[in-house]
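Every heavy atom of this structure was used, including side-chain atoms; hydrogens, water molecules and symmetry mates were not. Below, read A as the first sequence line, B as the second, and so on, with proteins coming before strands; counting in each chain starts at 1.
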Amino acid sequence: MAEVHSGGPPKAPSRGPFATACRAFRRDRTGMAALVVVALCALLALAAPLLAALYGKNPKEHYGQNRPGLLSAEGLPVLPNGGISGEHWFGIEPGLGRDVLTQLLYGMRTSLLVALASVTVIAVVGIVLGVTVGYLSGLADRAFTFVCNVMLAFPTLLLLLALSPVIQTRFVDPGENEPVWMQFTSLILVFSAFGWVPLAMVLRTAVRGLRERDFVEAARAVGAGRRHIVFRELLPNVWAPVLVHITLAVPGIVTAEAALSFLGVGINEPVPDWGRMISRGSEVFYDDPTYMVFPGVAILVFVLAFNLLGDAVRDALDPRIAA
Amino acid sequence: MTAYLLRRVAQAAAVLLAITAVAFGLFYAAPSDPALIACGPKCDTAQVAAVRHSMGLDQPVLTQFADYLRGLVGGRTIADVDGSPIDCAAPCLGYSYTLHQPVLDAIGDRFPVTLSVAAGALVVIVVLGVGAGFVSALRRGTVTDRLLSGFTLVGASVQIYFLGYALQYLLVYTTDILPVPGWTPFADDPAAWAAGLALPWLVLGFVNAAVFARLSRSQMLETMHEGYVRTARGKGLGPLRAHLKYTARGAAAPLVQLLGLEAGALFGGAFITETVFGLGGVGKLAVDAVVQNDLPTVVGTVLLAAFSVVLFVALADLAVAWLDPRVRLA
Amino acid sequence: MSRFRMRTAAVPALATAAVMLMCSCSAGAGSPAADGKEDGGTAVKSGARLTATLGTAKDSQGPAPVVPGARTGGTVKIANLNDYSHLDPQKIYAGESYSTSLLWGRQLTQYQVVDGKPKLVGDLATDTGQSSDGGRTWTYKLKDGIAWEDGQPITSAHVKYGIERTFGPGFELGPTYWPEWLTGSEDRTAAVKKYGGPKDGDLDAIETPDDRTIVFHFPRPQSDVPYMAAQSSSSPVRKDKDTGTDYDVRPFATGPYRIAEHKQNQSLTLERNPRWKPETDPIRHQYADRFEFTFGKKILNTAQEVLGGRGAGADTVTTKNEVPPELYAEARRDAKKRELLVPGSQGAYTSDLYIKNNRVTDPEVRKAIHYLFPREQARQVLGGPRLGDFATTLSSPAVVGWKKYDLYPVAPSGDIAKAKEHLAKAKDKVTTLTYAYESDAPEKDRLAQVLVDAFGKAGIKLVTKPMDKAAFNDQVFRGDAPYDLWISTNSVDWPTPSTLLPDSYHSKLDALANSIRYSNPEVDKELERIAGIGDAQQKAAALIGLEQVVMKDVPVVPFLYTSVTQFRGANVGGAAIHPIYGSIAAVDLYLKKS
């Protein structure tokens with residue numbers, strides 16, 4: 001993930017750098033297509049309750065258990081191909097008999113919510129730490145490098161796996177369900193705790209490069225304060241790597257979240273979750289392979305679209321290509 | 001050079017010490033009580049307390065940590081559930097009351113699996129990734145380039161568990177092309193060893209090759225246009241030989257660094273792959289230990305994984321210095 | 001730097017997705033089985049459950065009945081997911097470990113299984129024991145020719161030493177009956193204060209007048225000594241071979257096999273014990289040359305090899321694990337694979353919904369829970385009829401003297417209307433209940449959702465509490481135990497009712513034993529009366545009678561008489577679920593072709 005971005009500040013442009021990038025981006029057909037897919041995903045996730053209402057199903061009801069004829073005594077869909085029918089377009093979940101289509105839609109909400117919230121925290125922490133350390137250097141820089149080295153050597157997935165239940169069981173009253181917001185918060189915190197490192201490292205390098213540049217020197221010469229230099233001179237020039245980093249971080253977090261659910265921690269029942277769907281799919285894999293295909297392909301398309309989008313953004317922002 | 005080496009070793013040791021401290025702190029702050037697991041469901045409160053005492057869990061965390069570090073360096077004696085002593089030689093990573101063996105032994109037992117999975121996967125990664133990247137670069141802009149690029153992008157986006165199950169369904173279950181994934185020691189039967197690991201290698205290789213393909217392609221394209229390669233071609237060296245001799249070498253440095261990171265991660269245990277294919281390697285050991293709250297094993301495997309990353313990154317840095325004269329001179 | 005571009009990336013991606021969609025066409029569970037013989041129901045009907053009878057001295061003589069078709073030679077491979085956490089005979093306390101340890105260990109008595117019918121016979125002893133003094137004294141005579149793996153004869157002192165060990169520290173893991181019975185104590189903690197194991201010297205309550213005679217003296221009458229004598233705790237141990245904690249890894253053999261090598265969590269290899277004499281043993285055989293246990297391989301992979309006959313699959317069997325749910329439906333459809341399934345009732349195990357009676361105090365609420373409990377849906381989400389038949393009684397049909405009763409009949413899918421009626425009758429309105437479970441497998445999460453659904457329909461919010469194993473044991477059984485409901489699968493320690501009500505339903509018992517905190521003064525009184533009965537049959541009858549009194553209060557909701565479905569390789573003979581221990585009996589296995 002730690003893609004070192006060497007993009008310096010845009011050369012004094014005649015048009016704004018943003019406009020240049022937008023123009024470059026618009027010419028990129030793959031990027032535009034990826035953007036459309038991503039936007040569609042976001043729209044579907046936002047409109048999930050509306051779509052579910054139109055479709056007449058919800059993700060929580062155990063259709064297969066409460067209506068005879070949908071699931072066998074062993075809990076497998078009676079109809080072929082995972083129980084796909086006019087009633088349940090993507091079939092029903094083996095065992096509980098929930099509707100797969102609505103589970104998928106709501107599962108996307110889960111993924112996107114975790115990813116976007118984590119990315120926001122990561123961006124804030126990463127920018128603050130990266131820019132500050134890049135500007136300060138010296139002892140702060142050494143400490144920062146050491147912490148980064150420690151964080152990078154940690155087996156992140158294992159830690160996530162071990163930490164999620166720790167956080168979750170610490171703060172819940174025995175007489176209450178674990179609140180859903182708490183599950184989300186702990187996941188987001190855990191992802192953020194590790195996610196800021198690569199971004200901060202990239203920014204530190206970028207800022208160190210900028211620090212010695214003429215326009216910063218000039219600002220310093222005219223007596224601008226530290227605050228001014230950091231916020232007015234440095235920050236505006238590092239948004240390109242930040243944008244690229246967070247676009248590519250989203251699919252990373254979505255897959256990490258799914259992997260956690262696959263391994264059995266993460267968001268609990270009954271909140272729909274793609275990773276848990278895949279995990280369930282792997283259990284009924286030989287009798288009902290259809291069930292695993294929907295979440296599997298959904299994640300694939302979602303992640304692919306985000307990766308393509310991230311590439312396109314990077315290309316558009318890279319002055320050497322955008323020329 | 002010696003001073004440089006010494007500094008690197010000191011840095012690595014500091015990083016590892018910090019990781020040990022953090023891992024220890026995190027897991028011993030966990031709400032679950034390993035004494036309860038060791039003692040079993042039939043224990044009453046007094047027995048649990050006795051077990052906790054003999055396991056040393058009633059000591060302050062700092063004392064426990066100091067004991068742990070001492071054991072790591074010089075070995076120590078650990079008390080079993082019933083108070084009888086267990087000898088744990090240096091480097092002592094603690095004793096697993098769940099597995100009834102020292103953590104180092106537990107890791108050692110499973111390491112051949114992880115080693116085999118990682119080594120095979122690395123070969124696939126390098127061959128597939130670097131091969132695809134070089135071909136793409138040489139045939140830049142052609143259909144081959146695009147197909148290869150697209151293919152590696154799918155690799156970067158697909159989930160190991162999804163691909164793993166899908167391929168197992170297609171190649172093992174329905175068509176019988178490969179045997180059921182599993183572990184046979186290399187010494188017992190090399191053919192069965194390779195056949196049982198073929199699918200994990202393929203899946204891990206394919207998924208991780210993408211990054212290599214992208215990097216090697218861009219590195220190739222960049223160095224292809226550097227002065228010394230053009231000079232070589234100008235001197236009449238054929239395109240392929242020129243590329244192999246100069247471009248590949250010049251492009252190798254970032255690849256080697258990436259390979260170091262990748263190897264570090266793989267030798268620490270491929271958690272998901274081992275879980276999907278049911279291979280009893282260090283990754284599976286770690287995941288099981290987390291699930292069973294086997295704290296000594298969790299900390300031990302975290303340390304091993306961290307050690308692996310630190311070691312291979314350092315090795316990669318050395319290799320780069322050796323490969324690229326510019327780095328050596330700088 | 002030149003960037004990587006892939007305008008055509010979507011093409012392979014879509015192709016991949018399309019291929020996956022195409023491969024995913026699957027038959028529904030509704031399609032008829034290939035051979036049209038799908039019987040669809042549970043393999044084990046309750047009628048097939050048999051209770052153990054007591055054999056005579058003649059039954060106790062060896063050799064064991066010859067198995068038709070069994071061959072001598074070869075290596076039986078047993079692939080289990082996990083290694084045995086204990087091999088020390090006095091620490092073993094689980095059905096499958098009991099069963100497997102018969103390969104190398106012998107006890108005073110043991111179950112002989114012929115045609116699936118269990119009969120308790122003398123193993124090291126010449127019969128199942130002679131009682132006198134109203135059940136206060138039990139005498140056993142050891143057989144001639146019984147020997148350790150080094151050829152030394154097994155003496156009564158060895159049996160005594162083995163039983164003395166159960167008092168020692170570190171042996172809390174095993175059954176507590178010997179310490180309690182021999183000292184006449186309420187629990188083990190009180191017992192070990194009177195005698196703390198071999199370090200305290202000789203235990204006076206066990207007399208060994210000569211090398212072949214062993215006499216137990218109990219302060220109170222005991223009727224179930226023959227059954228306790230079959231437990232692993234009643235295995236002899238030799239003082240000079242007692243290696244302490246290492247004995248848990250490699251015990252010294254008395255049975256037809258001895259441990260050649262035990263690599264923990266990897267493998268356990270058994271070879272023939274030449275000192276074992278078949279004419280002394282009415283139960284065990286020595287057909288195979290070796291037994292090779294391997295641990296750690298994913299059961300799904302093992303099952304694929306075994307059911308598909310790949311690799312060494314034909315010679316392989318598992319004793320600990322069941323057919324993975326992934327392969328079950330398909331194995332039932334395929335006639336060849338179906339033959340390799342080994343279904344059977346899981347000993348005397350039952351699965352019940354436990355209710356913490358001191359939290360849910362109103363019997364009307366407990367009745368409501370009984371009516372709304374969605375047995376059918378719960379079993380479906382766990383895997384269906386192969387898990388067992390729906391239960392209506394507290395004890396298992398495998399228990400001596402069992403009688404069927406159904407105090408509050410209800411449809412398997414539950415009766416929400418009836419549940420609401422009872423809830424309306426309750427003195428205090430119940431709106432929230434908590435359900436605790438061990439979240440070690442995803443189906444447990446799904447089961448919780450099934451319960452949430454059913455309770456919700458009756459107007460009760462069910463709070464679900466997933467926990468890891470240690471937390472579950474700690475929080476549900478110890479301390480305040482702030483949870484109302486949990487599901488648990490348990491078995492009596494041997495197939496008589498003696499260890500069910502007396503060990504779990506007396507109000508004086510602690511929370512570990514009486515985990516539901518059941519308290520009924522009348523039941524207590526009756527239990528105390530029954531404790532004085534020395535005759536096994538009278539005692540069983542009285543306890544079975546008392547069971548219905550207890551169940552009128554709905555302290556628990558019976559769920560299943562559990563069944564298991566294991567699997568064997570095509571070449572493995574003798575694989576059947578042991579009617580007492582509830583798993584494939586390793587001691588009966590042989591290879592059909594070697």
As an exercise, state the distance from CG of L447(C) to CD of E269(A), rounded to the nearest 0.5 Å. 11.5 Å
In Å, rounded to the nearest 0.5 Å, how long is the span from CG of L96(A) to CD of Q380(C)? 9.0 Å
Closest approach of L76(A) to A329(C) (non-hydrogen atoms, all atoms of both residues): CD1-CB, 3.5 Å
Shortest non-hydrogen contact between P385(C) and E74(A), atoms and distance: CD-OE2, 4.0 Å
Between L387(C), D445(C), V450(C), the one whose heavy-atom pairs under 4.5 Å with chain A are most numerous: V450(C)
Of the listed residues (D453(C), L433(C), L300(C), D484(C)), which shares the most heavy-atom pairs with chain A below a 4.5 Å separation? D453(C)
In terms of heavy-atom pairs under 4.5 Å, which option from G75(A), P94(A), P270(A) contacts chain C the most? P270(A)
Quick check: are there more than 12 heavy atoms from other residues, nucleotides or ligands sitting under 6.0 Å from NZ of K60(A)? no
What part of L462(C) gets within 4.5 angstrom of chain A, counting heavy atoms only: side chain, backbone, both, or neither? backbone
Please determine whether side chain to side chain contact (heavy atoms under 4.5 Å, CB included) holds for the pair E93(A) and R446(C), giving the CA-CA distance in whole Å, both sets of side-chain angles, and the decisive distance to 0.1 Å. CA-CA 11 Å; E93(A) 176 190 348; R446(C) 296 193 284 272; 4.1 Å; yes
Taking E443(C) first and then R280(A), would you say they form a salt bridge - that is, a charged N and a carboxylate O separated by under 4.0 Å? no
Tell me, do P442(C) and E283(A) make a side-chain contact under 4.5 Å, heavy atoms counted? yes
